[in-house]
Protein chains: 2
Amino acid sequence: MAFQSELEVFRKFLKNQGMRYTPEREAIIKEIFSIHDHFDVDGLYISMRRKGLRVSKASIYRLIPLLIEANLIAEVFFDKGQTYYEHIYGHEHHCHLRCKECKKIEEFSDPRLKDLEKELSERFGYKILTHKLQVIGICSKCQAKEDSA
Amino acid sequence: MAFQSELEVFRKFLKNQGMRYTPEREAIIKEIFSIHDHFDVDGLYISMRRKGLRVSKASIYRLIPLLIEANLIAEVFFDKGQTYYEHIYGHEHHCHLRCKECKKIEEFSDPRLKDLEKELSERFGYKILTHKLQVIGICSKCQAKEDSA
DNA sequence: AGGCTTATTGATACTGAGTTACAATTTCTT
DNA sequence: AAGAAATTGTAACTCAGTATCAATAAGCCT
Ligand SMILES: [Zn+2]
Ligand SMILES: [Zn+2]
Ligand SMILES: [Zn+2]
Ligand SMILES: [Zn+2]
């Protein structure tokens, strides 16, 4: 099966659900898939406005659950009232190492988590869908700052 | 060193910080440590009211960051606008397997996560503080429901 | 024990993310 | 081209969490 673009995948998803493909949805998806980083609704809205793309925040809020349902994006973490997302379509699954002080993020993946998923599935009888591992620490720069303080 | 109760630990923490030990704080902590499960602010508040313990929600909200700072409790997850916490003082660190449908939670721990922490520490130069692993799946009961649907 | 300083409390007002209601508009099917 | 139904933007709303502030109380010092 040939690789399908995010837009194609989403069009099919919408059709399946009896939902409609609109210019607003297209604009938001294009914007999301042009940002190759973690993003939040407010940042997305602001960057769209700056480009003259006028969609309401309500439409963004309404679209996000659909993109999650369609496995195009996923929630990565929630910090201080902000929910952050990232693309997952076409990306290897990965986890996040975050600096508690400066909020810097490192991404990593580890095959042991797949093994663990398998074991949990057998042990508890769950069908495993995904996992989210956040490791929290202090980066080298922030450690240096702390030591000199 | 002998085992110290949560209250003792917290009294020392407060003293260290030049803060005061009040009946309200004591009541909240006792309530929290009598609940051996994940809890949220609203549930805590309601169960205290039912027992005739009158403290304001503001005091609960103000206390929680202190208990986290003192390593007595930790945030476990955030779901649909609710933040859930659990005791960590005197408990082994563990992670959570959650059913997406019915929200049931299984706890588990795995020594491989400690190894992973160590490797990440070396690879990225971080001082690792903790990790939070959430595995999301569908429990056997909910799988059965889905199949028959 | 009494007095003083300063932290804490509860009430209330506020903030900000996310949701909802609804009339106007647009998509999609036939 | 017409009509049913979904989607849009606006504005009102919800609700967790925070900030303000006057009244109160903890802890320290004598
Ligand atoms: Zn840092
Ligand atoms: Zn990421
Ligand atoms: Zn279930
Ligand atoms: Zn737990």
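A, B, ... follow the sequence lines: proteins, then strands. Residue 1 opens every chain. Note that these values count all heavy atoms, side chains included, but never hydrogens, waters or copies made by symmetry.
For the pair A/F10 CZ and C/dT27 P, the interatomic distance rounds to 15 Å; values are reported in whole Å. Atom pair B/M48:CE and C/dT9:P shows a separation of 11 Å (rounding to whole Å applied). Here C/dT8 presents its P atom at 14 Å from CZ of B/R11, a figure rounded to the nearest Å. Atom CE of B/M19 is separated from atom C1' of D/dA25 by 17 Å (rounded to the nearest Å). One interatomic measurement links the two molecules: CZ of A/R20 to P of C/dT26, which rounds to 13 Å at whole-angstrom precision. For the pair A/Q82 CD and D/dA16 C1', the interatomic distance rounds to 14 Å; values are reported in whole Å. Across the protein-nucleic acid pair, A/E75 atom CD and C/dA17 atom P stand 15 Å apart, rounded to whole Å. What separates CD1 of B/I60 from P of D/dA16 is a distance of 13 Å, to the nearest Å.
With the nearest nucleotide of DNA chain C identified for both B/V55 and B/G18, B/G18 has the one nearer the 5' end. Sequence order on DNA chain D of the closest nucleotides to A/Y21 and B/D42 puts A/Y21 first from the 5' end.
Ranking D/dG27, D/dG9, C/dT9 by closeness to the A/E24 side chain, first place goes to D/dG9. Closest to the side chain of B/S59, out of C/dG10, D/dA26, D/dA4, is C/dG10. Checking D/dC28, D/dA16, D/dA26 against the side-chain heavy atoms of B/Y61 singles out D/dA16 as nearest.
At a cut-off of 3.5 Å, with distance as the only test, a side-chain donor of B/R49 or B/Y45 sits close to an acceptor on the other residue. A donor atom on one side chain and an acceptor atom on the other are not found under 3.5 Å apart for B/E92 and B/S109. Side-chain atoms of A/H38 and A/E107 form a donor-acceptor pair, as typed in the model, at a separation below 3.5 Å.
Note on A/S56: every side-chain N or O is 4.0 Å or more away from OP1 and OP2 of D/dT8. Within the 4.0 Å cut-off from OP1 or OP2 of C/dT9, at least one side-chain nitrogen or oxygen of B/T22 is found. A close approach under 4.0 Å does not occur between any side-chain nitrogen or oxygen of A/K57 and OP1 or OP2 of C/dG16.
Between A/F77 and A/Y85, the ring centre distance reaches or exceeds 6.0 Å.
Residue contacts for B/R54: at a heavy-atom cut-off of 4.0 Å it reaches the sugar-phosphate backbone alone, with no base atom in range. Counting any heavy atom pair closer than 4.0 Å across all strands shown, A/K80 reaches no nucleic acid atom. Within 4.0 Å (heavy atoms only), A/R62 reaches at least one base atom of the nucleic acid.
By the 4.0 Å N-to-carboxylate-O rule, B/E31 lies close enough to B/K51 to be salt-bridged with it.
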